[in-house]
Amino acid sequence: MRALKNPLLSLVATLILGLVFQFGFDEYIQLMVLFVTVNCLMAMSLNLVNGYTGQFSLGHAGFMAIGAYFTAYASVNWNFLPEQFQGITFFVFAIGSGLAAALAGFLVGLPSLRLKGDYLAIVTLGFGEIIRVALLNMDFLGGPRGFANIPGFSSFYMSYAFAVLWILICFFTIWRVMRSSWGRGFLSVREDEIAAESTGINTTGMKVRAFVLSSFFAGVAGALFAHFTNFINPSSFTFLQSVNAVIMVVLGGMGSMTGSIIAAIFVTALPEALRPLQEVTGVDLRMVIYSLSLVLVMILRPKGIMGELEITDLWRKYVRRSAGS
Amino acid sequence: MQDFAQHLINGISLGSIYALIALGYTMVYGILKMINFAHSDVYMVGAFGAYYVARALGIEAQPGIGSLAVLLISSMVVCSVLGLLIERLAYRPLRTAPKLNILITAIGVSLLLEYGGQVVFGADPKVFPEVMKDFVIFSFGNVELKSFDLTVLLVSVIAMMALQFMLYKTKLGKAMRAVSANPSVASLMGINPDKIIAFTFIVGSALAGVGSVLVGMKYPKIDPLMGMMIGMKAFVAAVLGGIGNVRGAVLGALIMGLSEEMVVAYLSSTYRDALAFGILIVILIFKPAGLLGKYTVEKV
């Protein structure tokens with residue numbers, strides 16, 4: 001029970017926050033909040049591979065697509081519980097999506113994670129594209145027309161609670177994993193692969209584990225996305241979507257979970273904040289600003305905004321400093 | 001059989017365009033050990049540069065070899081300046097940074113050029129001016145050798161031979177190979193690696209510029225996102241031949257061009273974009289250093 005104290009407290013806190021959004025804001029902002037949760041999940045899961053294990057993956061959108069299509073197909077065709085228990089059905093489907101994506105992650109990861117750095121990036125990019133092209137050619141999943149009429153939750157609050165539940169599961173799973181021997185293995189692979197290997201760590205095995213866990217949560221993110229938008233098509237999961245996840249990880253700080261969350265909120269809210277500017281110039285400035293900030297962050301602050309610190313670390317630092325002076 | 005010969009001609013013509021772009025990737029990789037993701041967008045800017053030069057000079061009224069030369073030179077100049085700027089502003093500050101950071105910067109620069117291009121040039125496709133007249137030079141039954149294919153092939157062969165000459169017969173080329181082998185020892189020998197790297201970017205970008213005019217001539221529709229897919233394919237070609245290896249890049253590009261043409265002709269065009277990555281993955285799994293590359297063991 002003690003191990004569950006922090007997750008339960010955060011669950012209660014975020015659910016109360018959800019009430020604020022339920023009654024305080026209009027539907028437009030509520031939809032934004034739901035997209036933030038999807039992006040949070042994407043950023044946190046990618047952080048496990050990019051940030052903690054130091055392997056550059058550019059195919060995250062592919063796993064998200066697998067999850068989204070699995071949920072879409074399952075919730076249209078296999079309704080095993082009555083309408084009232086929709087939450088449970090969707091939860092099971094989300095786990096199924098995660099498992100499907102994790103299987104894909106395993107199949108992709110096992111051969112390609114023997115490669116390093118740039119090659120890995122390009123191979124994962126390739127796999128992301130192959131998944132997309134395969135989906136384009138699958139007629140029972142809608143092909144290029146997309147998959148419409150995916151059942152979603154009846155109310156904002158239900159969707160929000162469902163997403164928050166998954167975010168907390170993701171957050172605390174990664175949190176616990178990073179403090180286990182696996183987590184040490186991931187970090188050692190990031191710091192120095194050759195040294196890690198010579199101390200007896202199975203580096204490919206470690207990378208594959210990180211990759212599989214990461215694709216599991218990317219699949220869940222896809223499932224959430226499918227329920228929230230009620231419509232998916234292969235062009236939602238392009239290279240840009242993968243880059244978007246990378247941008248969030250990098251901006252937030254590679255190796256910082258809370259940093260990823262902050263960056264996900266920021267990156268999702270920024271285009272909406274820029275909307276007036278966009279109306280003045282008449283073109284989409286969002287990607288220009290993203291990419292420019294990506295380059296600038298890399299040059300000026302190579303570790304991202306938060307570095308490897310979490311919010312709690314910053315708080316502790318602040319307390320220590322004020323106590324010392 | 002005649003169909004096959006026609007596809008062969010088309011494939012070689014496509015492959016030689018890929019080769020011009022792949023050379024840029026392979027040269028930068030050989031010297032800096034980084035994937036220059038922005039290379040394909042330099043190529044895109046080159047195409048737009050040529051387009052605006054052609055409009056400013058009124059070249060579309062007088063197609064011919066002369067206007068092709070003017071466009072080639074202007075596009076090469078635009079690309080070299082851009083390549084130099086990118087190297088100076090984005091890559092040089094990160095010379096000693098971890099590889100991951102450099103890779104992310106390269107992606108950032110690439111996206112910046114693509115979407116900055118949409119802001120500057122407009123997102124709608126533009127029609128590249130007619131540089132030359134397309135006519136059939138030689139026909140044998142159904143097989144036709146068109147002047148475009150021949151020009152593409154000739155120009156790219158000349159460009160590649162010039163590159164080969166420069167790399168192996170001039171002092172500058174020797175310096176480039178020295179920096180590629182070992183930058184710190186090269187600098188002990190009185191070579192300034194920064195200058196050589198900048199020069200590499202100029203040469204690679206100029207080749208992309210040549211490629212952009214040739215593509216504009218053959219497929220006359222240009223838009224700010226045109227570099228994305230061709231860049232991926234050219235990069236795959238470079239990896240296929242063994243990245244860092246100039247001859248390998250040309251070989252890989254020809255294989256890519258031919259196989260793509262054959263897949264479109266005999267299977268289905270929807271699998272065209274997946275093909276490049278399929279080839280890449282198979283190659284990397286079975287021969288990680290590429291067809292002509294040497295496998296190096298990393299030492300501690």
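In the text below, chain A, chain B and the rest are named by the order of the sequence lines, each starting its count at 1.
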**Report entry** Under 4.5 Å from a heavy atom of chain A, the part of B:Leu112 involved
**Finding:** both

Query raised in the report: Below 4.5 Å, heavy atoms only, C-beta onward: do A:Leu125 and B:Met232 meet side chain to side chain?
Result: yes

Report summary line: d(B:Phe277 CZ, A:Ile122 CD1) to nearest 0.5 Å is 6.5 Å

Report summary line: One should read off an interatomic distance between A:Met298 CE and B:Tyr91 OH, to the nearest 0.5 angstrom, of 13.0 Å

Query - From B:Ile107 atom CD1 to A:Phe56 atom CZ, the distance as rounded to the nearest 0.5 Å - result: 4.0 Å

Query - Flag if over 12 foreign heavy atoms under 6.0 Å of CZ, B:Phe121 - result: yes

Query raised in the report: Who are the side-chain hydrogen bond (donor to acceptor under 3.5 Å, both in side chains) partners of A:Asn233, not counting sequence neighbours?
Result: A:Ser235, A:Ser236

Report summary line: Bottom line for A:Leu240: the part with an atom under 4.5 Å from chain B's heavy atoms is side chain

Query - Residue part contacting chain B, namely of A:Leu292, when any heavy atom lies under 4.5 Å - result: both

Report summary line: Ranked by heavy-atom pairs below 4.5 Å to chain A, first place among B:Ile35, B:Ile104, B:Leu94 goes to B:Ile104

Query raised in the report: Which answer fits B:Val236, side chain, backbone, both or neither, if we ask what part of it has an atom under 4.5 Å from a heavy atom of chain A?
Result: neither

Requested in this report: Identify the heavy atoms of A:Ser291 and B:Gly108 that sit nearest to each other, and give their distance.
Outcome: CB-O, 3.3 Å

Requested in this report: Heavy-atom distances under 4.5 Å only: say whether A:Leu58 touches chain B with side chain, backbone, both or neither.
Outcome: side chain

Query raised in the report: Measuring heavy-atom distances to chain A, does B:Leu113 have an atom under 4.5 Å in its side chain, in its backbone, in both, or in neither?
Result: neither

Query raised in the report: Considering all heavy atoms of both residues, which atom of B:Leu103 and which atom of A:Ala121 are nearest to each other, and what is their separation?
Result: CD2-CB, 3.8 Å

Report task. Report, as yes or no, whether the 6.0 Å neighbourhood of atom CZ on B:Arg95 holds more than 12 heavy atoms from other residues, nucleotides or ligands. Result -> yes

Query - Taking every non-hydrogen atom, the tightest pair across A:Ile299 and B:Leu89 - result: CD1-O, 3.6 Å

Query - B:Arg247 atom CZ, over 12 foreign heavy atoms within 6.0 Å - result: no

Query raised in the report: Which bit of A:Val243 is near chain B, if near means a heavy-atom gap under 4.5 Å: side chain, backbone, both or neither?
Result: side chain

**Report entry** Where A:Val288 and B:Gly116 come nearest, the two heavy atoms and their spacing
**Finding:** CG2-N, 3.7 Å

Query raised in the report: If you count the non-hydrogen atoms of other residues, nucleotides and ligands that lie under 6.0 Å from CZ in A:Phe106, is the total more than 12?
Result: no

Query - Residue B:Met34 versus chain A: region with a heavy atom under 4.5 Å - result: backbone

Report task. Report yes if some heavy atom in the side chain of B:Asn101 is under 4.5 Å from a heavy atom in the side chain of A:Met254; otherwise report no. Result -> yes

